[in-house]
Amino acid sequence: MKTFPHLVACEHCDSVYERTPLALGQLARCERCDAILYRASRLDVDRWLALTVAAAIVFVMANVCPVIYISFKGLHNEATLWASAAALAHGPAAPIAVPTAMSIIIVPFLQISLLGWVLMYARFGKRAPGFERAMRMLVALRPWSMVEVCLLGILVAVIKLSGFLQVAPGAGIWATALLMILLTLIANRDIHWLWEITEPARSAEEVQA
Amino acid sequence: MTGAVSARRLGVVSCHACGLVCQDTLPQEITPQAAHDPHVPGSDAPDNADRGRSYHVDCPRCGAPLHRRRPNSIARAWALLLAGLIFYIPANVLPVMYTSLMGKGSENTIMQGVIEFWKSGSYGIALVIFIASVLVPCTKFLVLGVLFVTSQRRSRWAMKERAKLYRMVELVGYWSMLDVLVVAVVAALVKFQGLSDIEPRIGILFFGMVVIMTMLSAMSFDPRLIWDGDTE
Ligand SMILES: [Zn+2]
Ligand SMILES: [Zn+2]
């Protein structure tokens, strides 16, 4: 099948354009529907990988450290992200614990590990084993990653509870905030160009054909 | 017709997963709306529908199946939207949370939670929860409904604005998950036997389902259908 890597089709209205190189920080918009076609990446692969490693560390901290401490009449309690998702698993609303754990823990974990895997090889211009599947999964996972909603949820919970008991933020809340920023930087970007910088030898012929 | 050339006209199709523009070797009838499209040659041949079913083409780069438009886009999107709308009733009528304080227990629905915050003077939080759990889902039902109807009728009305509306729905839709996460955190924290206890209730399950169904509905809808009336 003939492919046209120099063309780009708008995902939102199907208009076709020729790809032109962009200056740093620029983005190409669709003339017809105004959607973003692609952006110039401000990150090279090395920096991207470094941020992904940082995200992995922060992810572990966000999951291990309690996000909130509370005390009430001399009794203390704390909660981590896992504990929060698990708290839903008790009682009649139990099934909702699964999508909750997915959106705040499992999906971010998969995004970080898949990106790390792909980028480790992309540094050397290579496609990692399972590159195709990893790239497709990264696209599919993006809408289900909800760390920012989780952070707002924690803040609302703090305000809700501070009415009748003592609430103190834990290290996990800062880690979650950092994770939100790092995930936005590493996962909410155009990953299409990884296909171009890792072009394998066999499809180079197809491009010329 | 605007200045830009559509992929359909060029005889190319772009991969949903990796964005690669490929030559269009798909059979004409693989998408349902192409079957009704008088501009696509061969689409009105009666026996085409059967031949197309078993035939599909994968992206040569990433292996994802290629489609001109997402398959059964509008039918699927409608079904998921209606499911979301049905779940929205128990999500609002049934309690989402049970709170007991010093032996006194009470159950709260989403709106009662908002009102409680408002009465206690936390206007900001009341507003945030109201926006995430009432305004966003209701706007989503309305906007998606309008988008589906206008696309089904191949309307050429306000196409650019409708495209923007769709992108807005995709951008803000998942914030509705807020209430589920608040209940999760609060229920995980407040567990003081006898003194105070907070537990999730069935309403939060329905509410979570509303968020998931409407997100899936928006994803099933192919925004390119908005522009398909513009082929003349
Ligand atoms: Zn466009
Ligand atoms: Zn592809």
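Letters go in sequence order (proteins before strands), and every chain restarts at 1. Values reported hereafter were calculated over all heavy atoms of this structure, with side chains retained and with hydrogens, waters and symmetry mates removed. Given the structure is predicted, the values throughout are model-derived calculations rather than measurements.
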Side-chain touch W144(A)/M215(B), heavy atoms, less than 4.5 angstrom
yes
Chain B interface, residue from D34(A), V139(A), V8(A) that has the most non-hydrogen pairs under 4.5 Å:
D34(A)
Atom group of A187(B) that falls short of 4.5 Å from chain A, counting heavy atoms:
both
Kindly determine whether I70(A) and F192(B) satisfy side chain to side chain contact (heavy atoms under 4.5 Å, CB included), including the steps that lead there.
CA-CA 11 Å; I70(A) 61 166; F192(B) 302 116; 3.6 Å; yes
SB check D14(A) R69(B) (cutoff 4.0 Å)
yes
Pick from G163(A), C150(A), C33(A), A94(A) with the largest number of heavy-atom pairs that fall under 4.5 Å of chain B:
C33(A)
With a 4.5 angstrom heavy-atom cut-off, is it the side chain or the backbone of Y174(B) that approaches chain A, or both, or neither?
both
Polar side-chain atom of N77(A) near backbone of L189(B) as donor-acceptor pair, under 3.5 Å
yes
With chain B, the option among I68(A), I154(A), V67(A) that has the most non-hydrogen atom pairs under 4.5 Å is I68(A)
I125(B), part contacting chain A, at a heavy-atom distance under 4.5 Å
side chain
So how far is it from C18(B) SG to M135(A) CE, rounded to the nearest 0.5 Å?
8.0 Å
Taking all non-hydrogen atoms of both residues, which atom of L205(B) and which atom of P92(A) are closest, and how far apart?
CD2-O, 4.2 Å
Search all heavy atoms of M177(B) against all heavy atoms of T100(A) and return the closest pair with its distance.
CE-OG1, 4.3 Å
Between atom CG of D222(B) and atom NE2 of H12(A), what is the distance when rounded to the nearest 0.5 Å?
10.0 Å
I'd like to know which of I104(A), V16(A), I96(A), V149(A) tops the heavy-atom pair count under 4.5 Å against chain B.
V149(A)
From the list A83(A), A35(A), S103(A), the residue making the most non-hydrogen contacts under 4.5 Å with chain B is A35(A)
Counting only N and O atoms by type, is there a donor-acceptor contact under 3.5 Å from the side chain of R61(B) to the main-chain atoms of W195(A)?
no
Rounding to 0.5 Å, atoms CG (L181(B)) and CG (L152(A)) come to a distance of 9.5 Å
Tightest non-hydrogen contact, residues A64(B) and R136(A), listed as N-NH1, 3.5 Å
Tell me which of these, P66(A), A97(A), A85(A), P95(A), has more heavy-atom pairs under 4.5 Å with chain B than the rest.
P95(A)
Min side-chain heavy-atom separation P99(A)-I212(B) under 4.5 Å
yes
Mind listing the closest non-hydrogen atom pair of A87(A) and P200(B) along with its distance?
O-CG, 3.6 Å
Might you point out which heavy atoms bring T3(A) and P60(B) nearest each other, and give the distance in Å?
CG2-CG, 3.4 Å
Is V190(B) in contact with chain A via its backbone, its side chain, both, or neither, using a 4.5 Å heavy-atom distance?
both
Checking side chain to side chain contact (heavy atoms under 4.5 Å, CB included) for the pair K73(A)/M102(B): CA distance, chi angles, key distance, verdict?
CA-CA 11 Å; K73(A) 299 199 185 281; M102(B) 316 297 276; 3.4 Å; yes
Which bit of Y166(B) comes within less than 4.5 Å of chain A, counting heavy atoms only: side chain, backbone, both or neither?
side chain
Answer yes or no: is there a side-chain heavy-atom contact under 4.5 Å between S196(B) and F164(A)?
yes
Run the side chain to side chain contact (heavy atoms under 4.5 Å, CB included) check on E148(A) and W175(B) step by step: do they pass?
CA-CA 9 Å; E148(A) 52 270 53; W175(B) 283 96; 3.7 Å; yes
Which atoms of M219(B) approach chain A - backbone, side chain, both or neither, heavy atom under 4.5 Å
side chain
Using 0.5 Å steps for rounding, measure from the CD1 atom of I198(B) to the NZ atom of K160(A).
7.5 Å
If I measure from the heavy atoms of chain A, does K191(B) come under 4.5 Å with its side chain, its backbone, both, or neither?
both
Identify which part of V13(B) has an atom lying under 4.5 Å from any heavy atom of chain A, answering side chain, backbone, both or neither.
neither
Between Q23(B) and F4(A), which heavy-atom pair has the shortest distance, and what is it?
N-CE1, 3.7 Å
Where does L178(B) contact chain A at under 4.5 Å (heavy atoms): side chain, backbone, both or neither?
both
Under 4.0 Å between a Lys/Arg side-chain N and an Asp/Glu carboxylate O for R167(B) and E11(A)?
no
